[in-house]
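Quick notes on the structure that follows.
To find a chain, count down the sequence lines: A is the first, B the second, and so on, and within it residues start at 1.
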Amino acid sequence: MEYNFREIEKKWRQNWKDTNAYKVSNDSPKPSFYVLDMFPYPSGAGLHVGHPLGYIASDIFSRYKRLKGFNVLHPMGFDSFGLPAEQYALETGQHPAVTTEKNIETFKAQLDKIGFCYDWSREVRTSDPSYYKWTQKIFLNLFNSYFCNTCKQAKPITELIEKYKTKGGSSFTAEEWNAFSDTEQADILMKRRLAFSKFGEVNWCEALGTVLANDEVVNGVSERGGHPVEKKKMRQWYLRITAYADRLLQGLETVQFSDAMKEMQRNWIGKSEGAEMEFGIRDLKLGINVYTTRPDTIFGVDFLVVAPEHPIVNSLVSEEQKRAIDEYLTYVKSRSDRERQSEVKQITGCFTGAYATNPFNGKPIPVWIAEYVLAGYGTGAIMAVPCGDQRDFAFAKHFNISITNIIGEHYNGEEANSTKEATLQNSGFLDGMLMKDAIAVAINKIEELGIGKRKVNYRMRDAGFSRQRYWGEPFPIIWKDEIAVPLAENDLPLDLPFAEKYGPGPNGEGPLANMEEWVNVGGSLNKQVDLTPNPSPKERELLDRLEEKTTDKKAYGYINSTPQEWINTLAFAKQNRHNPTEAEDALWQLVRNRNVGGYKFRRQHPVSSFIPDFVCLDRNLIIEIDGGYHNEAEQNIFDIARENWLKEYGFEIIRFTNDALLKDIANVKKAIIEKIKEIEEKAESSPAPLLWRGGGEVSAKRETSTMPGYAGSSWYFLRYMDPHNTETFCDRQASDYWNQVDVYIGGTEHAVGHLLYSRMWTKVLFDLGYIGFDEPFKKLVNQGMIQGSSRFVYREKGTNKFYSRDIISDENYFDKIHVDVNIVDGVELDIEEFKKWKNGEFLNSELVLSDGTFICGSEVEKMSKSKYNTVNPDVLVDKYGADTFRMYEMFLGPVEQSKPWDTKGIEGVHRFLKKLWRLFYTDANPATNAPGKQVWNDEKPNDAEYKILHKTIKKIEQDTENFSYNTAVAAFMIAVNEMADAKCFKKEILSQLLVILSPYAPHVTEELWNLLGCDGSILVAAYPTLEEKYLIEATKEYPVSINGKMRSSVNLPTEVTEEEARQAVLSTEAVTKWLEGKEVKKFIFVKGRMINVVL
RNA sequence: GCCCCGGUGGUGAAAUUGGUAGACACGCAGGACUUAAAAUCCUGUUUACAGCAAUGUAAGUAACGGUUCAACUCCGUUCCGGGGCACCA
């Protein structure tokens, strides 16, 4: 009888399947334990040996915990929405649902071969409607929630609406709120929702006609095809993860992640504390807000720098600098993100001509613009302190700006010094203070003077949540006019419609936009949402008046002729708003926030089918800003006709030319105020009878984006707890029972993506009361990457001759070609296989050998099919069995460590299992055909044998708890070696050894367990209890050092006293030799450890 | 540039609170069994020097320095490798 792993493993896998051995119940008196793997994306390539590393580690831990008496949840599923399937569909026309299904089957078959203890009845797939129904539901929870800034948690948006209705908001009263139209209210609410929509920049690839995700853009060109990619503003969905920045930081204190992982998350969140303060601009009634973390350096400010994109720039530029600034702005616009990033060290900038005033010493400070200041961080403007900041220093040197030194000798004139330890000089009221102390003093002063305030900034941005893609969750959102209307819960799931083509839609929309029937819900919409317009009281009044006046609305031009036209008008207006001309922006800066006359102005706001540049609805005033083309005769006629229409609606119109406005904005302001006064004095200043809403047939469109890959993975760990629930995503009882994931195993590549998003979703669900914990993962273990070890053959350039690596002196004369690692033994090429490889591509090549062998070159690279360095676990499992494969992967080294794969050592582990087998049965003798015999027996073990066992139990427990599996495997080897040496074949010992080994090698241990005649399955055996009494030693071999160097050893009773030890040691021969003629200065005795004699 | 994590035999790697550096394997060398091969078993394997040998002496955990009776382990400086962030004020 011998270790026939193929039969054994097949037999037990079937048995475990038949008996539902891995099925886990939510109803158990045992304590719960949750071990989770990061679920895989089912790619077409299948598994390579790198994938199972983490799965094996978690499987061992699950089995161990189970033996220890826990009810262990250890599920697996698939992150099955995503880009590769869609790209594959684009190329081959195969539907992603089909390829995904196929890939999952392959994955499961491969995983099953390795013998994992997953409860497959709990499998989830993110692309399954029964799963994404709940992804959509949670999205709606996010959509219908806001972040309360006082209680720092998510709350239902209905509470906010109630507050607005009764108490108003920060910039409007309750009355005003109630008078707002639906659109206005929706816009305000959108600014608070946790999942929200706004215009944002996306990567637009004109050549591909599509929007690309960040990871599809490499160095400014598309990953596929290498086409240029530009930034484009489009409506996008976002998650307001910034609201949770602080809690995401604090939560890190409560979880066991590696320091590196925590650090990465902290960096990503990028919290910085400082102050925001205003610098007044001379001769202009303007101020520039800057953000700084070093207010202590305020007296060292030599210039201000504003981001080129900052809206204030236009108002700052002086007449003399206008040309230069325009040129610089043109230059900045011409620069791609790629250039800006790759040429960081290149210093560019331009002086605006404006001067700010240092509020503390009145010093004039030149204001510059430069691309090194980012519009998106802080206020988009900085105070530059060249003596303390290297970038500011380089800038000052480059443009010859004089540098003020406020840190004395700490500044050497050669480079900036960002120390906080210097004593301040030339710093007014801060003089003589240590910089780190001065920070608080300066902030207090700033607040006292009312020129600024303490401010915390985060580098993290809100997370983009929409993709112009097909293979993802559709948004349960319908756009009614400009308002996002959520689907009702019982209309979920909103199924992803079946697609036959996967090309992009119009205007940068995703493939779904091409499916008109699906997109246009219009009149066909019945139960989903009430799409009847709900006019505000003011609108209602206007509508009524209009109804009285006319029966033919279209004749009056009051409304668009079709709903579609109206929607187009709205969209067009929105687009205009986001692409203002220079002059428009300047005027907007002037009139926004009720800055002029206290009236609210809107820009690019539809009035019927017209979109005036600016409109004040309160005073029926329209402001038009004309570019040069308005001088042309044809345009002039149109302008007049349009004015007449608008006048008929009751509007007054004033016009300015671009140039006039930019030249003298103060004058423009005066003109507007005068006009308003004029209107106010008129008797008939009643509001204009206008409509800003479409009429006629009810119409709406579905959101055509889909959710990103991380949507489904942000909450999947909850679904495993209660996977078949049709009432809710996870029953509260189930999540209370299983609670947090106790151990989560996966790679570091998700450090700032998945791990942050799932932490945020957990916090939101916690805030809303759906679950009882606000961190999803208690402990995170990062498995290392298994790299590939590539092999190369070298072909002389321009020939068909290959040379063995060791006879090549200069690689430059050769083409280096990847060769399949599976046809190379170590570095020696299997020449026969090589000739057959790639359908005989190298059949006629000449190989120049050295000493009869052909040696390959080698290099460690990422494991990938294209590098021919992948090793398929199936092959190894076939050859050595799953138990050997599992143990070998663990034996390779610490789980967290990355290492190149090397199949060589697997023999050693396989030998170990065979040796284990021989403790039970001898091998059959093929020569004599004599079968192997049973060697195990029922004899009572002796103390020495108990000692081997319990020593091992102790070590395995420690190592397993610490995920130190490589040393655990070594401990098993030691145990088996010792038992073999001691001829310990006793059932009592062996059966316990099997139990502790079973998490590592489940198949062979189950077989032997049964052969021993033990009860039931080893999967549910009791973990042996450690009995310390067998480990107590009567004597100990104490190492003896002389002056710290190991010289000898002495056998002493364990409970020896120092004095006894001293006498014993000093009288041993080996020691007396060293003592000759010297005096013992010190005798160090560490009980149970060692002895050191100092001479 | 900044922030993490590493650096130990020919190779993968071990080493509780500082306490016998190299466990356990791979590979290699030699041997046993065998007609032979496979399988299995045994011995040796950090380096240098001395010795037939057991063994002894010296050096040794990237480099240098420090703390300590004692340092792979703690501290400082430098070098190398891996990962992350990258104009974040």
Rounding to a whole Å, what distance do you find between [X]:[atom1] and [N]:[atom2]?
| X | N | atom1 | atom2 | answer |
| --- | --- | --- | --- | --- |
| A:Phe257 | B:G84 | CZ | C1' | 17 Å |
| A:Trp917 | B:U40 | CH2 | P | 16 Å |
| A:Arg266 | B:C3 | CZ | P | 15 Å |
| A:Leu756 | B:G84 | CG | C1' | 14 Å |
| A:Lys879 | B:A39 | NZ | P | 10 Å |
| A:Met1046 | B:G18 | CE | P | 21 Å |
| A:Met887 | B:G12 | CE | P | 21 Å |
| A:Asn966 | B:A13 | CG | C1' | 7 Å |

Atom [atom1], compared across [N] and [M]: separation rounded to whole Å:
| N | M | atom1 | answer |
| --- | --- | --- | --- |
| B:U46 | B:A23 | C1' | 15 Å |
| B:A62 | B:C5 | C1' | 16 Å |
| B:G51 | B:G76 | P | 47 Å |
| B:C28 | B:C79 | P | 40 Å |
| B:U16 | B:C72 | C1' | 15 Å |
| B:C49 | B:A39 | C1' | 41 Å |
| B:A70 | B:A59 | P | 15 Å |
| B:A29 | B:G10 | C1' | 13 Å |

Residue [X], side-chain heavy atoms: nucleotide from [options] that is nearest:
| X | options | answer |
| --- | --- | --- |
| A:Arg911 | B:U40, B:C87, B:A89 | B:U40 |
| A:Lys914 | B:A89, B:A13, B:A39 | B:A39 |
| A:Ala260 | B:U20, B:C4, B:A25 | B:C4 |
| A:Ala970 | B:A89, B:C3, B:C24 | B:C24 |
| A:Asn267 | B:C87, B:C24, B:C3 | B:C3 |
| A:Arg1047 | B:U57, B:A13, B:A89 | B:U57 |

Is A:Ser272 near enough to B:A89 that one of its side-chain N or O atoms lies under 4.0 angstrom from OP1 or OP2?
-> yes
Taking only N and O in the side chain of A:Tyr291, is any of them less than 4.0 Å away from OP1 or OP2 of B:A89?
-> no
What would the secondary structure line of RNA chain B be in dot-bracket form, counting Watson-Crick and G-U wobble pairs under 3.5 Å, with [ ] for pairs that cross earlier ones and | for pairs with another strand?
-> (((((((..(((......[....)))((((((.......))))))(((((....)))))..(((((..]....))))))))))))....
Between the main-chain N or O of [Y] and the side-chain N or O of [X], is there a donor-acceptor pair closer than 3.5 Å?
| X | Y | answer |
| --- | --- | --- |
| A:Arg6 | A:Tyr880 | no |
| A:Asn417 | A:Thr419 | yes |
| A:Asp462 | A:Thr242 | yes |
| A:Gln783 | A:Leu53 | no |
| A:Tyr1038 | A:Asn1051 | no |

Closest to the 5' end of RNA chain B, once A:Gln958 and A:Gln897 are matched to their nearest nucleotides, is A:Gln897
Would you kindly compare A:Lys904 and A:Asp389 by the position of their nearest RNA chain B nucleotide and give the one closer to the 5′ end?
-> A:Lys904
Do A:Asn977 and A:Lys915 have a side chain donor and acceptor closer than 3.5 Å?
-> yes
Would you call A:Asp296 and A:Arg294 a salt bridge, using N to O less than 4.0 angstrom?
-> yes
Output yes when A:Lys1087 and A:Glu1058 qualify as a salt bridge under the 4.0 Å nitrogen-oxygen rule, no when they do not.
-> no
Per the glycosidic torsion and the 90° limit around 0, nucleotide B:G9 is syn
Pairwise distance NZ(A:Lys453) to NZ(A:Lys455) - rounded to 0.5 angstrom = 6.0 Å
Protein N or O to nucleotides 69-76 of chain B N or O, pairs below 3.5 Å:
{"from": "B:C69", "atom 1": "O2'", "to": "A:Asn1092", "atom 2": "ND2", "distance (Å)": "3.2"}
{"from": "B:C69", "atom 1": "O2", "to": "A:Asn1092", "atom 2": "ND2", "distance (Å)": "2.7"}

Pick from A:Tyr372, A:Phe303, A:Tyr291: which one makes a side chain to side chain contact (heavy atoms under 4.5 Å, CB included) with A:Ile382?
-> A:Tyr372
Any chance you could lay out the ring pair (Phe, Tyr, Trp, His ring centres under 6.0 Å) test for A:Trp901 and A:Tyr888, step after step, and finish with the verdict?
-> CA-CA 11 Å; A:Trp901 177 263; A:Tyr888 181 58; 5.6 Å; yes
Answer with base, sugar-phosphate or nothing: what part of the nucleic acid does [X] contact at a heavy-atom distance below 4.0 Å?
| X | answer |
| --- | --- |
| A:Pro894 | sugar-phosphate |
| A:Thr292 | sugar-phosphate |
| A:Asp392 | nothing |

Look at the aromatic rings of A:Phe393 and A:Tyr411 and report parallel, tilted or perpendicular, splitting at 30° and 60°.
-> perpendicular
